Amino acid sequence: MRPFTAVFALWCLYLRPVHSEQYQLLQTYNASNFFEEFRFFSSADPTGGFVEYVPFETALTTGIVTNETGLVYLGVDSTNVYTPNDQGRPSVRLESKMTFTEGLFVIDLTHMPVGCGTWPAFWTAGLGDWGKDGEIDIIENVNDARSNNAALHTAGDCAVLNSSSQTGLWKSTDCNTGHDGNQGCGTTFTEPYNYGAEFNANGGGLYAMEWRNDTIDIWFFSRDNVPDTLRDSTAIPNTKSFGTPSASFAGPCSSSFGEKFFNHTIILDTTFCGGWAGRTFGGGTSECPVSKGSTPLASCVDYVARNPKAFTDAWWGIKSLRVWEKKLHHLFQ
Ligand SMILES: *[C@@H]1O[C@H](CO)[C@@H](O)[C@H](O)[C@H]1NC(C)=O
Ligand SMILES: *[C@@H]1O[C@H](CO)[C@@H](O)[C@H](O)[C@H]1NC(C)=O
Ligand SMILES: *[C@@H]1O[C@H](CO)[C@@H](O)[C@H](O)[C@H]1NC(C)=O
Ligand SMILES: *[C@@H]1O[C@H](CO)[C@@H](O)[C@H](O)[C@H]1NC(C)=O
Ligand SMILES: *[C@@H]1O[C@H](CO)[C@@H](O)[C@H](O)[C@H]1NC(C)=O
């Protein structure tokens, strides 16, 4: 036995399994593997949008998606005219093959879908009995909105506290899918350039979601504001240095987050109109064109059907999506 080997063997005897508090990179999605690691969902839109979700081959051959430039581009049909009686404007909805419980999820975007009639979303949810395994909406809003809305949805009673430290503004602290038309507990973001046309004009940015068994935090970082440990692609992120989250979900319900949120798929889509974008089309601060004598929803469907050129900016540009998890490490066992 060489001296080094003997020392090594002795050292091993002293080792106990250690519990690592550090994140380990579990998965990197980017242009090189995105279309292999995500399924293209092509059934009717569960959110009731005016959309036709097309399969991968169709999306690729019609230019709705591409990875050729080293960026994951997920767009919509912006060439064809439809009628309100058609199924809807072609688009895509992608679902990760891998499922996750807890972890740190960071998406680096150069561009997000914008425009009247659009309803883009980036979220995680179980694919089983909807609501039972929870939903975490990371990026979502509709039409010509300028601020992100992050929200949680769970089946059964679940309330969070409005006193958590966050930069966003609470819309609701009730996460129960059965209350308030399934509004969920949610927060409107306040950082500059966090959503829509301004996000795109500023070169996009990063969204990070840290899912723990007792807290769910979401941060938005504009391009010039990205923490060092996220800027360096080889670093292990330290969420303690991320600053105050844009949204922070904690409170009475969070002791049962482990039972309310589990086995999530990562989902990205762009739908049109439906219950949210359609209902609020032209309402509030939205300047989307409601046709004379028509409802917001019917105006939305009509607008989306007839105006392909209005959707040239309805695309996700994804540089990367990375997932880290804290794992138990059993060394030398
Ligand atoms: C695009 O994706 C395919 C797999 O679907 C992969 O083989 C190819 O290398 C990717 N291209 C780029 C430029 O990453
Ligand atoms: C994608 O990520 C892998 C690491 O998992 C890296 O080697 C590769 O260069 C990345 N590709 C692009 C197009 O960013
Ligand atoms: C927070 O919640 C408390 C009680 O539920 C309520 O009285 C208070 O107005 C809320 N504050 C904000 C800023 O929403
Ligand atoms: C959360 O996880 C920590 C350790 O990872 C554990 O000590 C704690 O009991 C868990 N809390 C809940 C509510 O499950
Ligand atoms: C989560 O998924 C794993 C693997 O599919 C399964 O073994 C586990 O029971 C699921 N967890 C729950 C709480 O359903």
Side-chain angles (χ1 to χ4, degrees), residues 23-42 53-75 92-98 100 103-111 147 149-152 157-176 179-180 183-190 203-208 215 218 223 226 229-237 244-255 266 268 315-325 327:
Y23 277 117
Q24 315 256 322
L25 184 63
L26 182 68
Q27 180 66 287
T28 298
Y29 300 100
N30 62 22
S32 66
N33 64 353
F34 213 88
F35 298 147
E36 278 154 27
E37 297 293 336
F38 276 76
R39 271 186 288 269
F40 280 64
F41 172 95
S42 55
Y53 285 133
V54 296
F56 175 53
E57 290 73 21
T58 310
L60 196 65
T61 54
T62 54
I64 289 180
V65 305
T66 181
N67 65 345
E68 269 166 25
T69 59
L71 188 75
V72 181
Y73 172 97
L74 308 178
V92 290
R93 170 170 160 140
L94 275 69
E95 301 178 345
S96 68
K97 292 180 180 173
M98 199 181 255
F100 307 88
L104 175 65
F105 303 74
V106 178
I107 193 165
D108 185 340
L109 296 170
T110 61
H111 193 275
S147 310
N149 271 287
L152 306 184
D157 282 340
C158 178
V160 292
L161 283 177
N162 65 8
S163 52
S164 65
S165 176
Q166 63 169 34
T167 59
L169 305 171
W170 285 104
K171 283 177 83 178
S172 166
T173 51
D174 183 348
C175 317
N176 189 331
H179 294 169
D180 310 317
Q183 174 180 229
C185 49
T187 285
T188 300
F189 285 27
T190 53
L206 276 64
Y207 272 87
T215 324
I218 301 174
R223 277 278 155 233
V226 179
T229 54
L230 290 183
R231 206 181 285 277
D232 174 355
S233 66
T234 61
I236 294 170
T244 307
S246 313
S248 183
F249 300 95
C253 175
S254 60
S255 59
I266 304 171
L268 264 161
W315 55 278
W316 294 100
I318 306 157
K319 274 171 97 169
S320 68
L321 166 58
R322 291 178 290 166
V323 183
W324 290 264
E325 280 190 350
K327 293 273 182 210

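First listed ligand is number 1; within each ligand, the first listed atom is number 1. Everything numeric in this text was worked out from a predicted model, so none of it was measured.
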Set of residues satisfying side-chain hydrogen bond (donor to acceptor under 3.5 Å, both in side chains) with respect to Tyr53, sequence neighbours excluded: Asp269
Tyr207: ring pair (Phe, Tyr, Trp, His ring centres under 6.0 Å) partners, not counting sequence neighbours: Phe189, Phe220
Centroid-centroid under 6.0 Å between Trp324 and Phe100 rings: no
With sequence neighbours excluded, residues passing side-chain hydrogen bond (donor to acceptor under 3.5 Å, both in side chains) with Asn67: none
Does ligand 2 have any N/O pairs with the protein under 3.5 Å, and how far apart?
from: ligand 2; atom 1: 2 (O); to: Asn30; atom 2: ND2; distance (Å): 2.3
from: ligand 2; atom 1: 11 (N); to: Asn30; atom 2: ND2; distance (Å): 2.9
from: ligand 2; atom 1: 14 (O); to: Asn30; atom 2: ND2; distance (Å): 3.3

Heavy-atom side-chain contact between Tyr29 and Ile107 under 4.5 Å: no
SG-SG under 2.5 Å, Cys175 vs Cys253: no
